Amino acid sequence: MRLQLDPTQVARARALAASAAAPVLTLTQQHTTVSIERAVLRMAGLEGADAEGIPWVNRLADAVAEQVGLQHGIALPVWDALQAQRRADIAVGADPLRTLAQRAAAGSVEFRVPQGRAAAAATSGAVRAARAGVRRIDRQRRARERLVARYPVDHRPWIYLIVATGDIHEDVPQAQAAAREGADIIAVIRSTGQSLLDYVPEGATREGYAGTYATQENFRIMRAALDDVSKELGRYVRLTNYASGLCMPEIATLAGLERLDMMLNDSMYGILFRDINPIRTFTDQHFARQVHARAGIIINTGEDNYLTTADAVDAAHTVTVSQLLNEHFAKQAGLEDWQLGLGHAFEINPDLPDSFRLELAHALLARTLFPDAPLKWMPPTKHMTGDIFRGYLLDAFFNLAGVLTGQGILLVGMMTEAVVTPWLSDRDLALQNVRYVMNAAGRLGEDLAPADDGFIATRARHVLDEAVELLERIDDDGLLDAIADGTFGLMRRPADRGKGLEGVLPRADDYCNPVATVLAEGTAS
Amino acid sequence: MRLQLDPTQVARARALAASAAAPVLTLTQQHTTVSIERAVLRMAGLEGADAEGIPWVNRLADAVAEQVGLQHGIALPVWDALQAQRRADIAVGADPLRTLAQRAAAGSVEFRVPQGRAAAAATSGAVRAARAGVRRIDRQRRARERLVARYPVDHRPWIYLIVATGDIHEDVPQAQAAAREGADIIAVIRSTGQSLLDYVPEGATREGYAGTYATQENFRIMRAALDDVSKELGRYVRLTNYASGLCMPEIATLAGLERLDMMLNDSMYGILFRDINPIRTFTDQHFARQVHARAGIIINTGEDNYLTTADAVDAAHTVTVSQLLNEHFAKQAGLEDWQLGLGHAFEINPDLPDSFRLELAHALLARTLFPDAPLKWMPPTKHMTGDIFRGYLLDAFFNLAGVLTGQGILLVGMMTEAVVTPWLSDRDLALQNVRYVMNAAGRLGEDLAPADDGFIATRARHVLDEAVELLERIDDDGLLDAIADGTFGLMRRPADRGKGLEGVLPRADDYCNPVATVLAEGTAS
Amino acid sequence: MSRVIRPYGDATGDGMVQVSFTLPIPHDKRAEGAAAQLAAKMGIDPALVVHAKAMGPDFTFFVVYGRVNHLVELDKVVVLERDFPLLTPKEVNARIKKQLRRPLVVVGACIGTDAHTVGIDAILNIKGFAGEKGLEYYAGFEVHNLGAQVPVPELVEAAGRVKADAVLVSQVVTQRDAHLHNTEEMTAAFREAFPRARRPLLVVGGPRFDESMAEQLGVDRIFGRGTTPAEVASYLVHRIVGAGSA
Amino acid sequence: MSRVIRPYGDATGDGMVQVSFTLPIPHDKRAEGAAAQLAAKMGIDPALVVHAKAMGPDFTFFVVYGRVNHLVELDKVVVLERDFPLLTPKEVNARIKKQLRRPLVVVGACIGTDAHTVGIDAILNIKGFAGEKGLEYYAGFEVHNLGAQVPVPELVEAAGRVKADAVLVSQVVTQRDAHLHNTEEMTAAFREAFPRARRPLLVVGGPRFDESMAEQLGVDRIFGRGTTPAEVASYLVHRIVGAGSA
Ligand code: B12
Ligand code: B12
Ligand SMILES: Cc1ncc(COP(=O)(O)O)c(C=O)c1O
Ligand SMILES: Cc1ncc(COP(=O)(O)O)c(C=O)c1O
């Protein structure tokens, strides 16, 4: 299937997105956040938590923030204090950074913002540590490339399945079972509360609600389990988790270190759906995406969510606008086209006449606007009901739209969407649905040729026009104001409110971020 | 959607079908059957049964057959005997024919084959009686036309639903419920044994297995119930039953008298799937179709059945051949294009790659070959399993193929196909499936344009070529030999065997059939 | 209508039902026997195991059809019927104005980690639900919608601060009975914070609640799937403004 | 593996199942309560009535999810395990040739009004089933396939005439227990017509039979869904030719 779009209109849309994003990008360069600073520590290898489960990175960052603030970056005071610790001949074991964190938590470290030579020394120590972390990420990226070459996935769309038991040890067999049944990507959904936690929990966890905590150890356990099953199947099974939330930069870092393959990472989801402060989200997002870029991780954006609160026809153009913004922010952070799993969804009211043709129009518009991005195609959720048979039917047409329009990542819909988090059997049935559609009608797209002035093409062009109009308005008013006004997903989120605002800091003039420095040195790819 | 076929190849296929059918048509003119003769009595208004439930038409026909044979037609001896009965001043009540039957059953009538003036008198009496019956059929046809005008059905495909409780009094509420949920056509499936009964049961029945007996009274009850619901809905709901079987001519007659709207009537189904003698079936079929033609009844043929025993891809061309034969036989019996519900089915193994595109190719071939016939599109049955979710999915794609290729009559598939005869809820869910597909994707056909040299068109042309080849072979060997060889549905049925053979009689030179005479006088339409 | 009924598959009284489930055993004849055993324990006899599919080496999925031998006794059905009159917005406003003589104060929230605001918004926002306007549209209500993931202490504090007449809480996530635990935590906190007489009316809602569990959970009322704003408004008037005519 | 298991929805031991059924009552709150009552009687607690839809004025369709409180006791599962060795066609033929020293005579039919021959043909015809050839392909068998809708007296007569060692009957239509009634009629006729010692082995098959009901129905063996010709051939050799090695 193909669609003709006016190239000047497309170019105009991109230009408007870039100019709308520009002021926000400037803001991200003027700020840092507590999570970015903790991510610097994580990149340097600081793991573990205290007896109450508070991670050492939080302990250390809190201590620094309290004594000297984080506006200079955490690196300067911490690597300065590390040098002091070394000079003081304190027994540090294998891990001086953790020792420092423990001592800081006990209140026995005095931090300062080093100046002059001390600052240079701290900076170079921090850069060395950051470089070690980035190298580990580079090794994981190469390991992925090797495994993908050895166990290739040569079909599209990739089949994406969710696992969400809340218990990593239940998740593992379910994920393996799903992979055996044909999943190319396993996403471990997070526990409901996690995105508003201002720390990343530690260790293997069994106590999530409607999802499992994202922890470094859980990442490891699941990646190892999927490596096993990849080998068994001769097909590299990708692992996904969620970066969005108050700890986006840290989780992005952990994902790179533990070789996750894709990450949910939207420039606005946290603002809209978690009421996280806009500046916090945009700033975190930029750092997190720089890490993803280096790690070779594919991001997934969250435009699908808008259509759960707004109407999928009325708000179709807001999806397009958000995709263009996400694309621009992503490019600015160094991500390449193949890493852009831009989101959209099959959420039109199924009672609407021609609803399937409308879905095709929207899906085709995204496909045509972003020809090189592996679009993430999300199943019906809003209009799913307890009628599981009807649900199975809608999912079939979702699958059909996905294969007909060449979507890259097919998030498999569940007939129990309105009832429970997916059961083992739901996944199995859902995959059967996908397989049938791909096998029976996967190449039907060759027979589809929507007329240039027909229903589908006309609708697609209309949505693009609406998107351009909206971008013009955003460009005039400013993106932050548009968000405050409920432009996306009908959610009103002013820039001076929202969770995590207290963790946003204007950078000082001597702000130092060794991770940013190392990433700027050049990529591994 | 459209398909280009070579018009000379199409013309060749039709010519071959006509010449293959010719010898069989000659045979049908040289024979009569017990059921045709009983149909003559039914047309003359003979109803009811004796205390053991044996219909009076059987009693009377048996007596005549025993005494003078039926090769002259039943009319001559019976109307001759009626005249004798009148002359003898026997008390006949309102119904001399029934009195005659009762007396004949008691052994107190002596039949003869009248000659000369007596024959002429008997013939004219019989023709008068037949004309009264045909007039009743004509009145029913006009009644239908009035009702259809008042309660129009302005969409295609017509939604066809099966009711099969075995109990006419359970069937009625289920049929009405189905109509309210959107059925345009209700088919009352027959009890398993009925098609091999050499009589039509009498009265309202509650004891069928996997279907309800076709009786005149059941026809009346259901037609009245559907008239009620047609009025309620402002949409004329059609009623279907089965003519095929040993009593095809009689049931066709009853259908005309009771205003059924469609009838299953295939030229070969009884031969292949009920092992009924071929000459019997062809002869019965011709008479039955003449009645249907007059009654304005749409016939449904049974090519779909072949694909339950033969493979839907390998045997696709046998469906086409049978459709061409059915068309020719039907036209010869006076049916018009709009009355030809030629059958075909969605029965390709769903595990086959591109199975849906193959289905589209086959469906489109039929659509293109018979542009003015209301094709009957049958759902998957053979590859349905106890996995009701998968079944619901296959039915969705069946529905999609149906609307995309413009089928006229959509027989709604049931998710429980492999389990039970349809439940009330199965029908409800099935109709929801149809409605969604029609509403969401009904006009998607406008966007489909299979390339002339593409997969779909190539496959369709290939099937047509195979059909022409097969017709050439049939034309050489004779249709009866082809049937004997297992050409259709892999069933081997020699012409000199099969059930009901003893009821086939070569016509005598003075053979008289008053119904044929009246029908030949001209149609009501 | 008969007081005792049975499920209806294809004929009155046939008792037919459909069941599906997974057993954590490999697919073999024994597994099918195990499925039949479970069906029998559920009262299905005869039970037809019509589909059995291995899901990997350790699990088997089953579809079973059959006749269930239980009777449904309609007399014993426990239903929470609407025990208050359904009012129009006009009547609601008139009753509040005339009898309460001040706006009825409502605080709404999704508590715990639940962020599904669409349900509570459907009840509270002007936009409303199923063509009915939400409580914000009514002159008689003063609505404070606190949004998603509100910690219980914050909710209690807000209810006290604005002198809420009623607190409306939404719970959509039910995995591991999250909705029940959160509701219990909430009612305990209100019991602790308010003397009985001044405790606001506690109302919870969400698609997977059992409406008859109100007492057990310590709330005044539960609203389930498909609730409309008018039902909630009418209930609040009934309980807070009291009986009487507009 | 544990001897006692529970259904598995999303976690070990959660006991979750899905049920659907229709009740012959109009859709209202009472109907939903009735559905919950039925689910409770089936042992589902808590039961979530997640979908209820009116089907016309007199019926309501329900989908229910919930935790079933029954345990599946694997030790008590009754399974008809294959109690004979599975032989290759070669072994079958060799055993018949060596030990029986004449062809084993088989008569097959669909009896009563059942016309579903595909199943019995799958067992008997050369073409066979699931890649295995049918009994006609075996040198050791003499097969008489009488086809569809064979009246029982005709079957008995044919079995006597050809001196059948075994009679294979297929029954696919099960509405109103047609398959059971027909089978009982058939076994009664054979008991009447043959002295016990000369009665052919009676085997029935079809997709909806319960294989453990053989004794009850008076047949020697029942074969269900998915039976393959080799299983039937091996069974016949085991029972008619007797033990012993080729
Ligand atoms: C929209 C949606 C979302 C949106 C929410 C946006 C928002 N601002 O609300 C987004 C995309 C953000 C989202 C996220 C998640 N979701 Co969600 N989501 C849904 C979805 C698709 C629809 C829910 C909905 O809006 N229904 C429409 C409203 C109007 O109906 P309602 O809530 O039932 O409300 C009505 C009544 O119940 C009642 N009512 C409700 N509350 C109240 C309160 C009172 C006082 C009263 C009187 C009445 C009342 O009145 C309303 C009108 O009739 C459902 C699936 C589905 N189709 O149901 C999943 C679903 C609810 N989500 C689910 C999950 C698991 C999640 C996540 C946790 C997944 C994850 N781990 O990432 C996240 C995190 C959310 C969190 N922290 O809570 C699960 C819950 C499973 C369970 N039973 O426990 C569901 C069922 C999907 C699934 N099968 O997995 N989700
Ligand atoms: C094909 C088919 C037909 C064909 C039959 C052609 C033929 N020559 O056999 C046609 C189109 C003619 C037909 C007609 C009807 N059918 Co039909 N048909 C089917 C269908 C689609 C497939 C059956 C099949 O061939 N299965 C494949 C074979 C290989 O499987 P099998 O029979 O289970 O056999 C295997 C085992 O069971 C076992 N086995 C079977 N028999 C035996 C015997 C022995 C001795 C042994 C050892 C093993 C054994 O071995 C086989 C190989 O593994 C089913 C639906 C479905 N998908 O199951 C409906 C179905 C069986 N039909 C049904 C009905 C009702 C009818 C009709 C009565 C409808 C009507 N009133 O018009 C008619 C009349 C038939 C009659 N008088 O019996 C119902 C039965 C409902 C019920 N449970 O009672 C079904 C389930 C459809 C439905 N849901 O309504 N049908
Ligand atoms: C982009 C994005 N991030 C994150 C999430 C999940 O966030 P949370 O863990 O806050 O529920 C989603 C939800 O689907 C999403 O689309
Ligand atoms: C053309 C035709 N006639 C008759 C029937 C039914 O015949 P019987 O009543 O013999 O099962 C069918 C079966 O679907 C059919 O396709």
Side-chain angles (χ1 to χ4, degrees), chain A residues 1 3 346 348-361 364 383 385 387-401 403-404 415-416 425-426 428-430 432-452 454-457 459, chain B residues 1 3 346 348-361 364 380 383 385 387-401 403-404 415-416 425-426 428-430 432-452 454-457:
Chain A
M1 274 179 94
L3 182 69
F346 186 97
I348 296 174
N349 184 341
D351 294 336
L352 211 66
D354 280 318
S355 65
F356 185 70
R357 295 169 89 196
L358 286 167
E359 295 286 7
L360 287 179
L364 210 50
H383 295 286
T385 67
D387 182 349
I388 51 178
F389 301 102
R390 176 173 166 283
Y392 204 65
L393 171 65
L394 293 183
D395 285 338
F397 276 78
F398 158 76
N399 292 335
L400 183 61
V403 299
L404 291 183
M415 65 181 188
T416 50
S425 55
D426 293 335
D428 197 81
L429 287 165
Q432 164 176 289
N433 192 323
V434 171
R435 271 197 306 271
Y436 170 74
V437 174
M438 284 177 60
N439 188 42
R443 280 179 289 265
L444 183 63
E446 294 171 15
D447 307 310
L448 278 167
D452 268 349
F455 182 90
I456 291 181
R459 171 68 191 165
Chain B
M1 273 180 94
L3 182 69
F346 186 97
I348 297 173
N349 184 341
D351 294 336
L352 211 65
D354 280 319
S355 65
F356 185 70
R357 294 171 88 197
L358 287 167
E359 295 286 8
L360 288 179
L364 210 50
H383 295 285
T385 67
D387 182 350
I388 51 178
F389 301 102
R390 175 174 167 282
Y392 204 64
L393 171 65
L394 294 182
D395 284 338
F397 276 78
F398 158 75
N399 292 335
L400 183 60
V403 299
L404 291 184
M415 67 181 188
T416 50
S425 55
D426 293 337
D428 197 81
L429 287 165
Q432 163 175 291
N433 193 322
V434 171
R435 271 197 307 270
Y436 171 73
V437 174
M438 283 177 59
N439 187 43
R443 281 180 287 267
L444 183 63
E446 295 171 15
D447 307 310
L448 278 167
D452 268 349
F455 182 88
I456 291 181

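As a basis for the values below, the full set of heavy atoms in this structure was taken, side chains included, without hydrogen atoms, waters or symmetry mates. A, B, ... follow the sequence lines: proteins, then strands. Residue 1 opens every chain. Bear in mind the structure is a predicted one, so any value in this text is a computation, not a measurement.
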Over all atoms of both residues, closest heavy-atom pair of [X] and [Y]:
| X | Y | answer |
| --- | --- | --- |
| A/Arg443 | B/Asp354 | NH2-OD2, 3.0 Å |
| A/Asp387 | B/Gln432 | OD2-NE2, 2.9 Å |
| B/Asn433 | A/Leu393 | OD1-CD1, 3.5 Å |
| A/Arg390 | B/Tyr392 | N-CE2, 4.0 Å |

The criterion is ring pair (Phe, Tyr, Trp, His ring centres under 6.0 Å); which residues satisfy it with B/Phe455, sequence neighbours excluded? none
Could you look at A/Tyr436 and say if it's the side chain, the backbone, both or neither that has a heavy atom under 4.5 Å from chain B? side chain
Measuring heavy-atom distances to chain A, does B/Met415 have an atom under 4.5 Å in its side chain, in its backbone, in both, or in neither? side chain
Min side-chain heavy-atom separation B/Leu360-A/Asp447 under 4.5 Å: no
Would you say the side chain of A/Phe356 lies within less than 4.5 Å of the side chain of B/Val437, judging by non-hydrogen atoms? no
Mind ranking A/Leu400, A/Leu448, A/Ile456, A/Leu429 by heavy-atom pairs under 4.5 Å with chain B and telling me who comes out on top? A/Leu448
